[in-house]
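Take a look at the structure below.
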Number of protein chains: 2
Amino acid sequence: MASEAPISDPHPREEDIRRFVEAWGRMGSVWGISRTMAEVHALLYITGEPLCADDIMDRLAISRGNASMSLRGLLDWGIVSRAHRRGDRKDYFVAEQDVWAIFRAIVRERKKREVDPLLASLHELRDHTREAQRESGRSGKADDIDGRLDEMLEFFEMASTLAERFIGPSGPGLRFAATMLSKAPLPGGPKRGARGGARKAAQRSGRVAEDGA
Amino acid sequence: MASEAPISDPHPREEDIRRFVEAWGRMGSVWGISRTMAEVHALLYITGEPLCADDIMDRLAISRGNASMSLRGLLDWGIVSRAHRRGDRKDYFVAEQDVWAIFRAIVRERKKREVDPLLASLHELRDHTREAQRESGRSGKADDIDGRLDEMLEFFEMASTLAERFIGPSGPGLRFAATMLSKAPLPGGPKRGARGGARKAAQRSGRVAEDGA
DNA sequence: ACGTGCTTTCAGAAATTTCTGAAACCACTG
DNA sequence: CAGTGGTTTCAGAAATTTCTGAAAGCACGT
């Protein structure tokens, strides 16, 4: 109400927010959503406050339609939710604040739309192959193909199960496991300097010109 | 070879291969490559034999340029390599056959081009924020933003380290860990069978195909 | 050196994805 | 029940990505 826009303090943070939004937006492709959708999420996340469609349109300079669709998408993914203010008919939106919850949602969605269908095809295909092979005696080649199919299937089944656990009720358990695994106790000793470097290693964004094998 | 008419379906496998290629192609987006590139890889993988550019062009019905670029991409990713036949000047291509090696390569590449840059931005941003905050005393809001930035950073650092391990020399260790984690010892009970076929296939992968890392 | 067989490059064409703006909609309120 | 404030939808526009085909480039054998 009263304090709504501290114009005198033109948000020194505003610049930081902009930058975060931009960085996060570029990641959009990684989790399979559009840049704008990612930016909307970034804005809501970093801001931490409920924002309405107009706030978002303004700050991101996007159209109403785009804002609406992005928000809808985010809502579907379950990483943003609606909120209301009394005496205000606008819809406000807030982003899930728990990073792990965010990533669980991402994994859940991607698995659903990309891994599951693939797994289905692979199974179907494998069955078909098996059958065909049986009824025609076996020709040498088929065995190899079958084997490769199996290996692939096995891998994806493992990945799928792992993902299920991550997103499932025991998610927190996995969280623990992941944290542990990343923390360096593996047997075999610290042979490489890799890990300490994690911190700074990030810089080399440039393409590695290791052409021509 | 003179005949190439698949109309009479000379190879009963041909149809299976086509289906695998198609399914795999759709996954392309998941690992951030184009559909065609994924299909080329699928063909080489499932086929298991060295194929030359023309084989690929024909079977996938794509242009020479496209084939060449896709192959190059695959080569860069390190999941396909060149091979030659004596007395034949053509380049032939073979796909890495170890599924785990394939996925290590994928993780390596994606991390390099998507996570690392993000991590770099995030670090830079955090530093900037920190500094700005200090020199202006602290305004309540900034703390929150900083906190969220930190959480995000922490998460990505964990993920990054985990990825490094997966692709690094101790990759096999992680393979073990992942397999274990997916296999059902967690409290909560085994709800679904991801079962049996897996076992058999496991044997094939016994020989560890060390890829260059 | 030259021809040959094959590979790579690249500018523009085609396909696909994302964004806009305006109209249709909905749910309250007066 | 008309008005108001807000949200959603959607057809076409714009941007981006992917594909093609032809020309340029390479390396080898003769």
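We name chains A, B, ... by the order of the sequence lines, and we start the count at 1 in each one.
For A/Arg64, the side chain to side chain donor-acceptor pair (under 3.5 Å) partners at least two apart in sequence or on another chain are A/Asp54. Checked against side-chain contact (heavy atoms from CB on, under 4.5 Å), B/Ser34 has the following partners two or more places apart in sequence or in another chain: B/Thr36, B/Met37. With sequence neighbours excluded, the residues that form a side chain to side chain donor-acceptor pair (under 3.5 Å) with A/Arg113 are A/Glu109. With sequence neighbours excluded, no residue forms a ring pair (Phe, Tyr, Trp, His ring centres under 6.0 Å) with B/Tyr92. When the side chain to side chain donor-acceptor pair (under 3.5 Å) test is applied to A/Glu124, the partners found at least two apart in sequence or on another chain are B/Arg19. For A/Trp24, the side chain to side chain donor-acceptor pair (under 3.5 Å) partners two or more places apart in sequence, or in a different chain, are A/His41.
A donor-acceptor pair under 3.5 Å is absent between the side-chain atoms of B/Tyr45 and the main chain of B/Val99, judged by distance alone. B/Arg110 places no side-chain N or O within donor-acceptor distance of the main-chain N or O of B/Val115, the cut-off being under 3.5 Å.
Ring orientation note: the planes of B/Trp100 and A/Phe155 are nearly perpendicular, at an angle over 60° on the 30°/60° scale.
Here D/dT7 presents its C1' atom at 13 Å from CD1 of A/Ile56, a figure rounded to the nearest Å. One interatomic measurement links the two molecules: CG of A/Leu51 to C1' of D/dG6, which rounds to 16 Å at whole-angstrom precision. If you measure from atom CG of B/Asp55 to atom C1' of C/dC6, you get 13 Å, rounded to the nearest angstrom. Between the CG atom of B/Leu71 and the P atom of C/dC6 there is a distance of 15 Å, rounded to whole Å. At whole-Å resolution of the value, CZ in A/Arg26 and C1' in D/dT16 are 17 Å apart.
Annotation: proximity of residues 83-91 of chain B to DNA chain D (heavy atom, distance under 4.0 Å) is found for B/Arg89, numbered in ascending order. Residues from residues 73-82 of chain A lying near DNA chain C, meaning a heavy-atom separation below 4.0 Å, are absent. Of all the residues in residues 32-45 of chain A, A/Ser34, A/Thr36 reach under 4.0 Å from DNA chain C with at least one non-hydrogen atom.
Of the charged side-chain nitrogens involved, none lies within less than 4.0 Å of a carboxylate oxygen, so that B/Asp146 and B/Arg126 do not count as a salt-bridged pair. In this structure, A/Arg18 pairs ionically with A/Glu15, as a charged nitrogen and a carboxylate oxygen lie closer than 4.0 Å.
Each salt bridge (charged side-chain N to carboxylate O under 4.0 Å, His left out) pair with one or both residues in residues 23-37 of chain A, not counting sequence neighbours, appears once here: A/Glu22-A/Arg26, A/Arg35-A/Glu39. The stretch residues 65-83 of chain A participates, sequence neighbours left out, in these salt bridge (charged side-chain N to carboxylate O under 4.0 Å, His left out) pairs: A/Arg82-A/Asp91.
In terms of position along DNA chain C, the nucleotide closest to B/Cys52 lies nearer the 5' end than the nucleotide closest to the other residue of the pair A/Ser70 and B/Cys52.
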Nucleotides 20-22 of chain C: which of its N/O atoms have a protein N/O under 3.5 Å away?
| from | atom 1 | to | atom 2 | distance (Å) |
| --- | --- | --- | --- | --- |
| C/dT20 | OP2 | A/Ser63 | N | 3.0 |
| C/dT20 | OP2 | A/Ser63 | OG | 3.3 |
| C/dT20 | OP2 | A/Asn66 | ND2 | 3.1 |

